[in-house]
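One structure is given below, encoded as structure tokens.
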Amino acid sequence: RYEIEAALPAGGKLGWQGTVSLQPLHSAGTLRLDGLKAATLWPFVLEHFSLREPQGVLGASMHYEVARRDGSTQFALRDTALRIDDLALARGDGAAQPLLALKAIEATGGRFDLAKRELAWAAIVLRDGRVAANVDAEGRLDWLAALAPRSAAQPAGRKTAAPAPPAAAAAAPWRIAVDALRVEKLALHAGDASRQSPLAVDVADLGASMRLAVEAGATTQLKAGELALQAEGIAIGEAGAKQPPIALKSLAVQGGSVDLAAHSVAVQRIEARGERLDVERAADGSLAIARLFAPAKATAPEAPRNDGAAGTPWRATVETLQLAGWPLALRDRGFEPALAWHGELIEATLHKFDSAAKAPLQLAAKLRSAAGGTVDAKATVAGLGADTKAELRVDALALGPLQPLLARHAALTLASGTLSATAQLGIAQRNGAPAEIRAGGEATIADLRVDEAGTRERFVEWKSLKAT
């Protein structure tokens, strides 16, 4: 049995213990790597990336066995552990913020078998850091540019096309599995300057976990299961804005799965707790929130594919989606003063969502107005809307926010008034016939008082008016 220890540049250490024989060719033992700086390896790979010299310290340990048997090479690893501390990757153009900064990456319980073409990890954890991705005004993603090889000019007259590699026999696919892939305390930033208003999406704290299996051969298959996600402090708005129009306190996903071969995404439950939803219509009729998602440049429609590669359409299912506690602010600058409504989405639930429309969709929502009153709505939708049943209940909804609408048409002031109503709606369509629509209900306007503008002279007043 032999033992070797070697000192590496910048303080790294490499240790080996094991056995070696030449007849037959065989070696087994343990390898240990400590304190290897990422910068030490950088000169060997820098031409393949457009990144600055990375930061980070690598460590690893493993048991290995290598042998030559029956004319083939056998190589296997077990009990493999890998750790990278203080990793930072940044673009090579001098960008201030790194693309990736992580306090630690830990991989444990690793196994590798060359003959079986298998790689497996018991757990991989990415902890404490930040990931950023940005699209410029021309639609180019900075990660793609950073991971592209550095441009290397070839001498004139010596550019030759690389010969095509010979066709290889079909090999067994590689199988990669991770029993537990986890992300802990990760901040995210995504920016898109190709929108009409530059878009920024930020997540203050992200945690996620999943089981992952990949098969890479003639085709690539991927399955992710036991997917769970918890995100806090989500903000979506114009880059640089102090108060983005969309904000969530938290977002949780439970029971998720993805199957690349089956083209399916399934989620058991999604819960979102809101912090702000601000929707404003400008005087010209445009919506500020829509400009965040609309492209700045018109793009030509994609030509239909006729190569037979379209395959099975993707199917997405969500068993339950719940939104709760979401403050709302709606404004229309087409009125002077602006027509505004403030309130809260107390709760909204969606059950049985299926993009293939194989089950009735069930919806329910409850709103509260800051001026007073509530709105409850329930609906069941089947057959892409061909069979719909809905119920609406309005309870003492204050009419005061409609004052700018009344002032546009008359010199009057809406001093008080509430709306209460119940309504039922049914839509049915059978065998391609025109849709049959049925509606019914009743409404009551109570405690209405309208004054002449600038005075307290009553123009109209009633205690209750009911219509059925």
Side-chain angles (χ1 to χ4, degrees), residues 1-20 27-49 51-66 74-92 97-114 116-132 143 146-147 174-188 205-212 214:
R1 188 174 181 84
Y2 302 93
E3 181 174 347
I4 295 176
E5 288 193 5
L8 301 176
K13 293 181 180 180
L14 177 64
W16 171 75
Q17 289 183 343
T19 61
V20 177
S27 179
T30 61
L31 283 169
R32 184 173 186 88
L33 177 67
D34 294 303
L36 177 63
K37 299 290 180 65
T40 303
L41 302 176
W42 184 238
F44 301 100
V45 297
L46 66 87
E47 290 301 324
H48 300 285
F49 304 100
L51 293 165
R52 290 208 301 264
E53 181 179 276
Q55 300 177 19
V57 181
L58 290 74
S61 63
M62 65 199 71
H63 293 275
Y64 80 94
E65 182 177 9
V66 60
Q74 310 292 316
F75 178 62
L77 302 174
R78 61 180 176 85
D79 300 330
T80 303
L82 172 68
R83 182 181 178 97
I84 305 175
D85 292 316
D86 301 319
L87 176 64
L89 301 178
R91 291 159 48 185
Q97 294 294 330
L99 297 169
L100 173 69
L102 290 173
K103 187 68 176 176
I105 300 176
E106 297 178 21
T108 57
R111 306 184 308 278
F112 174 81
D113 192 311
L114 180 62
K116 295 181 180 179
R117 301 171 75 87
E118 291 180 351
L119 172 64
W121 293 95
I124 298 178
V125 182
L126 288 73
R127 181 181 297 117
D128 295 335
R130 182 178 186 271
V131 178
W143 272 90
L147 297 178
W174 278 94
R175 292 182 175 85
I176 303 171
V178 182
D179 291 338
L181 175 60
R182 301 199 307 273
V183 173
E184 300 174 356
K185 297 181 181 179
L186 188 67
L188 300 179
D205 190 347
L206 173 69
S209 62
M210 71 181 75
R211 177 188 292 270
L212 187 65
V214 179

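Heads up: numbering here begins at 1 and tracks the sequence. Since this is a predicted model, take the numbers as computed values, not measurements.
Between D179 and R211 there is a side-chain heavy-atom pair separated by less than 4.5 Å. Between L99 and R91 there is a side-chain heavy-atom pair separated by less than 4.5 Å. In this structure the side chain of L8 reaches within 4.5 angstrom of the side chain of L33, judged on heavy atoms.
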Take L36 and L14 through the test side-chain contact (heavy atoms from CB on, under 4.5 Å) and record every step on the way to the result.
CA-CA 9 Å; L36 177 63; L14 177 64; over 6 Å; no

Apply side-chain contact (heavy atoms from CB on, under 4.5 Å) to the pair R32 and D34, showing each step before the final yes or no.
CA-CA 7 Å; R32 184 173 186 88; D34 294 303; 3.2 Å; yes

Could you go through Q17 and R1, starting from their C-alpha distance and side-chain angles, then the distance that decides it, and tell me whether this counts as side-chain contact (heavy atoms from CB on, under 4.5 Å)?
CA-CA 7 Å; Q17 289 183 343; R1 188 174 181 84; 3.9 Å; yes

Determine, step by step, whether E118 and R175 satisfy the salt bridge (charged side-chain N to carboxylate O under 4.0 Å, His left out) criterion, reporting the C-alpha distance in whole Å, the side-chain angles of both residues, the deciding distance to 0.1 Å, and the verdict.
CA-CA 5 Å; E118 291 180 351; R175 292 182 175 85; 5.1 Å; no

Derivation and outcome, salt bridge (charged side-chain N to carboxylate O under 4.0 Å, His left out), residues D85 and K103:
CA-CA 6 Å; D85 292 316; K103 187 68 176 176; over 6 Å; no

Does L126 form a side-chain contact (heavy atoms from CB on, under 4.5 Å) with L181? I'd like the steps, not just the answer.
CA-CA 8 Å; L126 288 73; L181 175 60; 4.3 Å; yes

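Pairing each heavy atom of L89 with each of P54, the nearest pair is CD2-CB, 3.7 Å. Heavy-atom minimum distance, W42 versus E53: NE1-CA, 3.7 Å. Contact between P43 and T40 at its shortest, heavy atoms only, is CD-O, 3.5 Å. Heavy atoms only, all atoms of each residue included: G35 and V57 are closest at CA-CG1, 3.6 Å. Annotation for L114 and F112: closest pair N-CE2, 3.8 Å, computed over non-hydrogen atoms. The minimum heavy-atom distance between A132 and P98, with the atom names listed, is CB-O, 4.0 Å.
Atom CD of E5 sits in a sparse spot, with 12 or fewer heavy atoms from other residues, nucleotides or ligands closer than 6.0 Å.
The distance from the CG atom of L46 to the CG atom of L51 is 10.0 Å, given to the nearest 0.5 Å. The distance from atom CZ of R78 to atom CG of D113, rounded to the nearest 0.5 Å, is 12.5 Å. The line from CG of L119 to CZ of R111 is 9.0 Å long, rounded to the nearest 0.5 Å. In this structure, CE on M62 lies 10.0 Å from OG1 on T30, to the nearest 0.5 angstrom. In this structure, the separation between CG on L58 and CG on D86 is 11.0 Å, given to the nearest 0.5 Å. Within the model, atoms NE2 of H63 and OG1 of T80 stand 8.5 Å from one another, a figure rounded to the nearest 0.5 Å.
The residue from I84, D128, L186, V183 that alone fulfils the side chain to side chain contact (heavy atoms under 4.5 Å, CB included) condition with L102 is L186.
Under 3.5 Å, the side chains of Y64 and S27 contain a donor-acceptor pair of N or O atoms.
Between the side chain of W121 and the main chain of A180, no donor-acceptor pair closer than 3.5 Å is present.
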